[in-house]
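None of the values given here were measured: they were computed from a predicted structure. Below, chain A is the first sequence line, B the second, and so on; all start at residue 1. Every heavy atom of this structure was used, including side-chain atoms; hydrogens, water molecules and symmetry mates were not.
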Number of protein chains: 2
Amino acid sequence: MRGAPECFPCSLNQVLKLMRVAGADDETILRAIKDSWEAIRNFGLEKSPAYVATVAIRRARKYFPVDDPYRELKSQHNKLAADMLERIKPILDSSPDPLKAALIVMASGNIIDLGVHHDFDLEGTLRRNLEEGFARDDYGPFREKLKRAKSLLLIADNAGEIVFDLHFLKSLSPDLERYIAVKEGPILNDVTFSEVSGFDTGDVKVVSTGSDGLGVIFEEVSEDFRNLFEEADIVIAKGHANFETLDEAEREVFLLLQVKCQVVARRTRTPVGRAVFLSNRSLARQEGGHDA
Amino acid sequence: MRGAPECFPCSLNQVLKLMRVAGADDETILRAIKDSWEAIRNFGLEKSPAYVATVAIRRARKYFPVDDPYRELKSQHNKLAADMLERIKPILDSSPDPLKAALIVMASGNIIDLGVHHDFDLEGTLRRNLEEGFARDDYGPFREKLKRAKSLLLIADNAGEIVFDLHFLKSLSPDLERYIAVKEGPILNDVTFSEVSGFDTGDVKVVSTGSDGLGVIFEEVSEDFRNLFEEADIVIAKGHANFETLDEAEREVFLLLQVKCQVVARRTRTPVGRAVFLSNRSLARQEGGHDA
């Protein structure tokens with residue numbers, strides 16, 4: 001998707017939070033955000049927000065006092081999600097539609113975000129989403145496709161929620177070939193290839209996008225990933241950055257996320273705070289005047 | 001006060017909101033925030049946040065489709081506050097300490113902010129503040145000084161809350177010479193000199209700071225204002241920008257505001273969302289290690 005003016009200060013704010021998490025001093029943080037601006041100042045609205053933020057964050061890396069500022073927080077978020085999953089398993093298992101409930105839990109996990117002060121409410125979000133369902137919901141067509149599918153690719157987003165993603169994938173039929181794609185290297189709180197190997201992934205195959213860019217930046221991903229993306233019978237992509245880079249993909253992609261800002265709220269026609277499970281085909285029909 | 005790295009993207013966000021209120025298109029908004037950045041990019045942390053934002057907003061003015069984008073909103077906020085004052089007058093009048101209650105109402109009005117979507121909760125804030133009081137409270141020393149004072153200057157902030165400010169001033173002894181200072185020209189939702197003449201100001205004297213800058217930028221204010229500022233027996237300054245520019249003033253200033261961001265929260269040692277009524281002398285003692 002195209003960016004909005006909002007995405008430019010937002011990219012600086014992401015650099016800023018990252019530098020705070022990294023424990024940098026104010027002078028260094030200001031230098032980093034000024035330098036990041038230099039890297040993005042010639043971009044226009046045609047760039048996706050995830051790309052603008054990726055370029056800003058990459059420029060800031062030379063100011064990081066450590067290689068991966070989010071390492072410790074990611075590990076905390078993984079534990080938090082694992083504990084939560086234990087607690088809510090009974091709700092999930094007794095649900096009239098456990099598959100849909102697992103998708104709602106996956107989307108809710110997307111609220112575990114850049115919480116320096118743990119200022120997110122995972123349990124509240126989860127309960128609310130289970131009650132209210134998806135604000136935009138292509139679960140029907142998804143379930144139909146799943147019946148005939150031989151392979152499914154899930155493009156993951158952040159640490160923490162990866163626990164729910166793997167729970168969902170492992171709950172699917174063992175006849176379905178299942179892949180989970182994560183980042184090649186660290187960026188923000190996204191899960192990386194080396195981190196996910198620490199999980200019990202069952203017979204889910206772990207792959208890398210081949211890039212450490214936010215979302216899926218096609219100019220940067222590996223050929224293996226691109227082939228898998230094109231050939232999987234079903235693709236689900238999680239979170240904001242994947243939404244921002246895949247909403248106009250040529251193939252069908254099911255976009256699963258918590259809507260967290262006005263820019264994505266406008267594009268999905270969904271209030272901030274709600275969860276959506278939305279095929280990019282529905283979005284394209286919306287653009288054509290036929291709202292899904 | 002010194003700025004923080006946070007104040008730089010925040011200044012861009014203020015320009016952005018202003019341009020949205022003005023109804024500018026995305027391309028124009030992006031041009032305005034890029035140009036605003038050019039105006040502030042060489043500033044360091046020694047500049048007050050209000051000064052950084054003032055310079056950013058001034059640079060953006062050439063992109064405004066109208067002279068004062070907030071004119072209509074300011075008028076709405078004034079009506080909103082006048083209605084609210086009618087409703088709460090009985091609570092104020094029956095309070096065991098009406099003077100303190102009026103100060104709390106004045107501080108609460110400071111929540112009527114850049115609410116494009118009226119996304120502030122004036123009544124909730126007011127009730128909460130009346131219940132919880134000031135998170136930092138120099139009301140005691142203020143009341144003692146008021147007994148002996150012959151003149152008081154209130155440096156106002158935004159439209160809307162000005163209604164509560166005037167109510168407070170008019171409730172003080174007629175023997176006290178009372179002044180209210182507002183901006184010379186429009187900036188954000190700050191009250192201007194021409195606007196305040198539309199109010200029943202009783203025997204309160206209306207003056208201008210002589211500048212359209214946020215807060216009190218001493219390099220810019222008029223000599224008349226500076227004299228008044230130096231000579232008034234008591235000075236109260238409202239809101240964030242006045243706090244940011246007057247917290248280190250040589251004379252005593254009572255700072256009255258809702259804490260709305262982490263930067264001011266750190267400086268006042270008060271959580272975001274609480275109200276404070278704080279002498280800059282207490283702040284100076286805090287710096288010296290003797291927390292007030």
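Nearest heavy-atom pair, Phe8(B) versus Lys34(A), reported as atom, atom and distance to 0.1 Å: CE2-CE, 4.4 Å. Of all heavy-atom pairs between Leu16(A) and Pro9(B), the closest is CD1-CG, 3.7 Å.
Heavy atoms of Arg31(B) lying under 4.5 Å from chain A are absent altogether. For Asn42(B), the part lying under 4.5 angstrom from a heavy atom of chain A is the backbone only. Interface residue Glu27(B): backbone and side-chain heavy atoms are both found under 4.5 Å from chain A.
Interatomic distance, Gln262(A) CD to Arg20(B) CZ, rounded to the nearest 0.5 Å: 9.5 Å.
In Glu46(A), the CD atom is crowded: over 12 heavy atoms of neighbouring residues, nucleotides or ligands sit closer than 6.0 Å. The neighbour count for Arg127(A) CZ, taken as heavy atoms of other residues, nucleotides or ligands under 6.0 Å away, does not exceed 12.
When each of Leu30(B), Val15(B), Asn13(B) is checked for heavy-atom pairs under 4.5 Å with chain A, Leu30(B) comes out on top. With chain A as the partner, the residue from Ile33(B), Asp26(B), Leu12(B) showing the most heavy-atom pairs under 4.5 Å is Asp26(B).
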